[in-house]
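To find a chain, count down the sequence lines: A is the first, B the second, and so on, and within it residues start at 1. Here the structure is a predicted model, which is why all the values come from computation and not from measurement.
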Amino acid sequence: MWVRKMKYSVEEKGTKVIVRGIEDFNLKETFECGQCFRWNEEEDGSYTGVAYDRVINVKLEGDMLIIDNTDLNDFYDIWFDYFDLGRDYKQIKESLSRDPILKEAIQYGKGIRILRQDTWETLISFIISQNNRIPQIKKVIENLARSFGDPIEYKGKIYYTFPKAEDFVMFDVETIAKSKCGFRAKYIMDAASKVFSGEINLLKLYEYKTGEIRDILMNINGVGPKVADCVILYSIGRYDTFPTDVWIKRIVEYLYLKREGNPLEIQLFAIDKFGELSGFAQQYLFYYSREMRKKIFNERKK
DNA sequence: CAGCAGGGTTCTG
DNA sequence: CAGAACCCTGCT
């Protein structure tokens, strides 16, 4: 119901696809709201990243989105959905702004979009994220890509695709651990073997109800409710999901509860409050909590 | 079932 | 320069 035909003009120019009519999109906010780990800012403010076995560079100039190293086919097959260009974020923000607290949070990340990411990559990325910091998560993912992915050249630099399940299963846990992923190596291996064997078919997850997907994913060693919810939101696109990590827990406690709570309680509170837009609320709150981290941290010490 | 260990890195006191 | 903390989960 939130999807409506957007009015874009799209043209291919050399190695670029140029999309005009873009609204409610900010690259920094979208790439740094905690949902993805493989995008890096260039000196000119554009971002280069690897997704779906491709390297692209994206730049926003006014209402113009410029995607380099792609073509019209890939734009319509991949990037349109990846950047969620068919969704009216203005309407989502309006609806969520009925809550005055969230209205304030949205001001900090007005251009956030929820990316539609590859399921396998999302699963492994968030397994790595557990008890870890964002720079370290990015580092481990790059290490894995360099060791087990395929090289792609772009503008004289070598990038690496995110390795597939089949790229991991032929190695042992010790080899995977060389990526500095630590105790998570055995979890990556378990995910790889369950996907490679067909025990879990990630491409069919969308056919199941959210709760069923959660159960399927949580059969993987190292996947608990938080990691499963991240996959469900960032890849399957179930927007009534509210992944509850430490940052979200802190910001909800700080802004709403005014006391300590447990993750489940916070998640139920949020889903009751934000309903089918919980996932979007989560992203605005996560970004806001990162912007406010010093303030919140000082409050917590008292 | 509450509490705690767990890679490696960065930040803090 | 030790100790804590880190987008959590599994084990005891």
Using only side-chain N and O atoms of Lys249(A), determine if any of them is under 4.0 Å from OP1 or OP2 of dC7(C). no

Taking the side chain of Lys139(A) as heavy atoms from C-beta outward, which of dC7(C), dT9(B), dG7(B) is closest to it? dT9(B)

Any base atoms under 4.0 Å from Phe37(A), or only sugar-phosphate, or nothing? Heavy atoms, all strands. base

When the nearest nucleotide of DNA chain B is assigned to Phe183(A) and to Arg133(A) on a heavy-atom basis, which residue is associated with the more 5' position? Phe183(A)

Suppose we call a contact any N or O donor and acceptor under 3.5 Å apart; does that hold for the side chain of Lys226(A) and the base of dC8(C)? no

Salt bridge flag under 4.0 Å for residues Arg116(A) and Asp84(A): no

5'-most by nearest nucleotide on DNA chain B - Pro135(A) or Cys181(A): Cys181(A)

Would you say that Leu123(A) contacts Ile127(A) through its side chain, given a criterion of any heavy-atom pair below 4.5 Å between the two side chains? yes

Considering only the C1' atoms, how many Å lie between dT9(B) and dG10(C), rounded to the nearest integer? 23 Å

For dA5(B) versus dA4(C), give the span between their C1' atoms, rounded off to a whole number of Å. 15 Å

From C-beta outward on Lys180(A), which listed nucleotide comes closest to its side chain: dC7(C), dG8(B), dG10(C)? dG8(B)

Residue closer to the 5' end of DNA chain C, Tyr187(A) versus Phe286(A) (nearest nucleotide): Phe286(A)

Between Asn132(A) (CG) and dG7(B) (C1'), how many Å, whole number? 8 Å

Suppose we call a contact any N or O donor and acceptor under 3.5 Å apart; does that hold for the side chain of Asn131(A) and the base of dG7(B)? yes

